[in-house]
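Note sheet for the following structure.
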There are 2 protein chains.
Amino acid sequence: LRQVRKSKARIYPVNPKESKIEGLQCYRSISEIGEEIDLAIISLPAQHVLETIKKCAHADVGNAVIIAGGFKETGEQGEKIEKQILEVKGKMRILGPNTLGIYFPRNKIDTVFLPVERMQRPKEGSIAFISQSGAAAATLMDRLALYGIGVSAFVGLGNKLDIDENECIDYFANDQKTKAICIYLESFSDPKVFVERCKKISRKKPIVVIKAGRTERGKKAASLHTGSLAGSDLVVDGALKQSGVIRAQTPNELINLGRALAYTIPPKGRRVAIVGNAGGFCVTCCDLIESHGILKIANLSPETKSNLKEVVLPFASVENPVDLTASSVDKMYKDAIEILVESKEVDCILCGTSPQPPGLTEKLPEVIGKYAKRIPIIAYLVGGREVINRIKSFEKLGVAAYPEPESAVKALEVAWQWAKNRKIE
Amino acid sequence: LRQVRKSKARIYPVNPKESKIEGLQCYRSISEIGEEIDLAIISLPAQHVLETIKKCAHADVGNAVIIAGGFKETGEQGEKIEKQILEVKGKMRILGPNTLGIYFPRNKIDTVFLPVERMQRPKEGSIAFISQSGAAAATLMDRLALYGIGVSAFVGLGNKLDIDENECIDYFANDQKTKAICIYLESFSDPKVFVERCKKISRKKPIVVIKAGRTERGKKAASLHTGSLAGSDLVVDGALKQSGVIRAQTPNELINLGRALAYTIPPKGRRVAIVGNAGGFCVTCCDLIESHGILKIANLSPETKSNLKEVVLPFASVENPVDLTASSVDKMYKDAIEILVESKEVDCILCGTSPQPPGLTEKLPEVIGKYAKRIPIIAYLVGGREVINRIKSFEKLGVAAYPEPESAVKALEVAWQWAKNRKIE
């Protein structure tokens, strides 16, 4: 109730025992309200849900979110009640049961049942996040909030009794505020529809999916978690590839890759330049990129190297990686990136910007962010508290930045893969 | 100067132009001090270092740290000066040049040239961290400080003119405060000595190594970074395996794995139980463990499951993973872990403790930590700011905890691998 009151919606608490809740007039039954209800948030134990849905249907409620667990995921009895709900719901659309809820920062509709002290809400952004697992979603959103990463919306699918991932994908495909769609799934509602739909949409709007339950034990766990029946992972993997979807392996990766695809202009080729201030991480990036074989460390011409020599410190390296060293200042990043962009010898830039060198200021993200409209740039920066602030700054500028080089490398690789896939098909 | 003054050492600033620095009497030359000097911290540009080392040698200084870069890593001229330094240094031992310095929290000797505002210092702990890359080390230490992770010592190797990794390994093998040795290397000083030494030591004290410069481009970058000449990676990989060393792929993984090995009692077998409160992450862990094939998800007996049923919520799952759900409270963790330990059906526990569920308190790490002496436990917890606090709590209790399940899975796998290697040899 406290959460939804932050929106402009008119709120009608319903409870047979109270006359007021949090200062709002309370109704004994939904039929008493006498107004058209768009959304019923049903926060009752499982055994009272069927009766309430009947009442909602009778009152012509448009949509309902059923929070309670205790349905299909617990066995036959729960599955039976789900079927009964479907029979009585009429035209009403239902999200859940067993769902964390929905969160739309654009109009502050927030039915997530965790208080803000337990789960910080992400700010408004461009990633639509759809999740079959509520707890995984809650932990991830709390993490997004820490790093200042925004979402266009969150939808918790829960048991998918009515509204499923396919319908959500359709919705967010047409949502102007959404630049990438990230989905945590344990099972497909209708794999065929999923593949067909994603095939069409993913060429225009990137879709990242983690399909958990890849292994036998994982599948069993998924079935106990959300009552999902998962098929063979080989089939799933093939289907996802066919549909142009990017597959993530872990929940963190889901959002990491979604961000890269939502923010970064698509690379025109696979030649990458690494610009950094910590030699060790430059070497690590080189090793990761070379061993994955997806991107290619660009070979810089003698002319470009000599141009770079003029703007960096005498002991800095102008081979690729361009190691500006721990004695670098903001302007060296600007000058080096300018030269690399102008050279036309690189298609994208991996930018190491760890904040420890004393010559770097908090303006560095801005300096780098300006180039993100001309060339695809992904940033990484390792360290402590200051890293969190810098990632927030990058986020505001629409540059995907990561607290470890391995995530940044993967993100840039996926940006290239998505760009390439679009061209081929 | 400000950093080393925090120690109990007597400090003598040397500068020909000043009479006082930061309130301390300043000497024009090292020969003027007239006291036995244990350590000279040489904070001068490269061109003045040779002359200063001569003076230090003449004054019978025991050890010197040369901070400046501009030696072997920049070409022939620099390499020549390095050789000259070796010729004039006498008995003196030298760390560097091109080193971030040393940091020994036990006696507050801290020659790291970055101010605390740029690089937070980790507290005292049980990991010895040795690094050939200064910047990678600085960023990592800043991160360790954020999560409350301690080090027994840090040594920046730099160009390894005199003191090298092999000597450091020997030192920390005998250091009571060090429980695991973590090394970032770009080249081996003497690979044969390294392998022989590690073979002996790694059975008693775990050694984790990241050898950067695995690929051709990575090697080239490493050579420009620290003047290292790296050999074939296949040879390196074979040698590391022979020597019982755990190999990390990225700097973050280096410390992640080091912590697991330093804190966790060695698993006696590969049967793992997953206990968590977020079903989605439990499924992810299952998938990771099964697909890696190193650990095995333990099969719980009907008796154990029925014991678990009695202590968890009706809709929680008592299959392995044991999903306590988002409605869990601290005591359910305690009871479930107690039953799993008593069952003798599991060798180690992967414990998901994300702090979002409203029934969990900040005491949860303590509840879990008590069992870490009876069974190997690794924790993961995903989320925002509260996760950082909880990881700090786990750290104080000597439990390795990670802000993402994938790192925790890898850590537990490596704990098992190390335990197994020790038994076999």
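All chains are named by letter (A, B, ...) in the order of the sequence lines, taking the proteins before the strands, and each is independently numbered beginning at 1.
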Portion of [X] that has a non-hydrogen atom of chain B nearer than 4.5 angstrom:
X: A/P357; value: backbone
X: A/T250; value: both
X: A/N277; value: backbone
X: A/I297; value: both

Can you tell which of [options] has the highest number of heavy-atom pairs within less than 4.5 Å of chain A?
options: B/D287, B/N252, B/T215, B/L146; value: B/D287
options: B/P321, B/P115, B/G218, B/G75; value: B/G218
options: B/P405, B/A316, B/G383, B/G69; value: B/G383
options: B/I289, B/I210, B/L144, B/T284; value: B/T284

Just by distance, do the side chain of B/R385 and the backbone of A/D142 share a donor-acceptor pair under 3.5 Å?
no

Looking only at atom types and distance, does a side-chain atom of A/T99 sit under 3.5 Å from a main-chain N or O of A/G101, one as donor and one as acceptor?
yes

For residues 289-298 of chain A, the side chain to side chain donor-acceptor pair (under 3.5 Å) pairs (sequence neighbours left out) are A/H292-A/E413

Does the side chain to side chain donor-acceptor pair (under 3.5 Å) test come out yes or no for B/N320 and B/R271, once each step is laid out? CA-CA 11 Å; B/N320 188 9; B/R271 300 169 304 170; over 6 Å; no

Proximity breakdown for [X] and chain A, heavy-atom pairs closer than 4.5 Å:
X: B/I388; value: side chain
X: B/E117; value: neither
X: B/T74; value: side chain

Establish, from distance only, whether the side-chain atoms of B/E404 and B/S407 form a donor-acceptor pair under 3.5 Å. yes

Check: Do A/E73 and A/N159 have side-chain N/O donor and acceptor atoms under 3.5 Å apart?
Finding: yes

Answer key: most heavy-atom pairs under 4.5 Å with chain B among A/E386, A/M119, A/E319 is A/E319

Of the listed A/A145, A/S317, A/A138, A/P251, the one with the largest count of heavy-atom pairs under 4.5 Å with chain B is A/P251

What one should report as the nearest heavy-atom pair of B/A46 and B/G70 is CB-O, 4.1 Å

In B/Y380, B/Y402, B/Y147, the residue satisfying side chain to side chain contact (heavy atoms under 4.5 Å, CB included) with B/I391 is B/Y147

Practice problem: Decide yes or no on salt bridge (charged side-chain N to carboxylate O under 4.0 Å, His left out) for A/E406 and A/K410, but give the supporting numbers first. | Solution: CA-CA 6 Å; A/E406 51 270 43; A/K410 184 82 201 256; over 6 Å; no

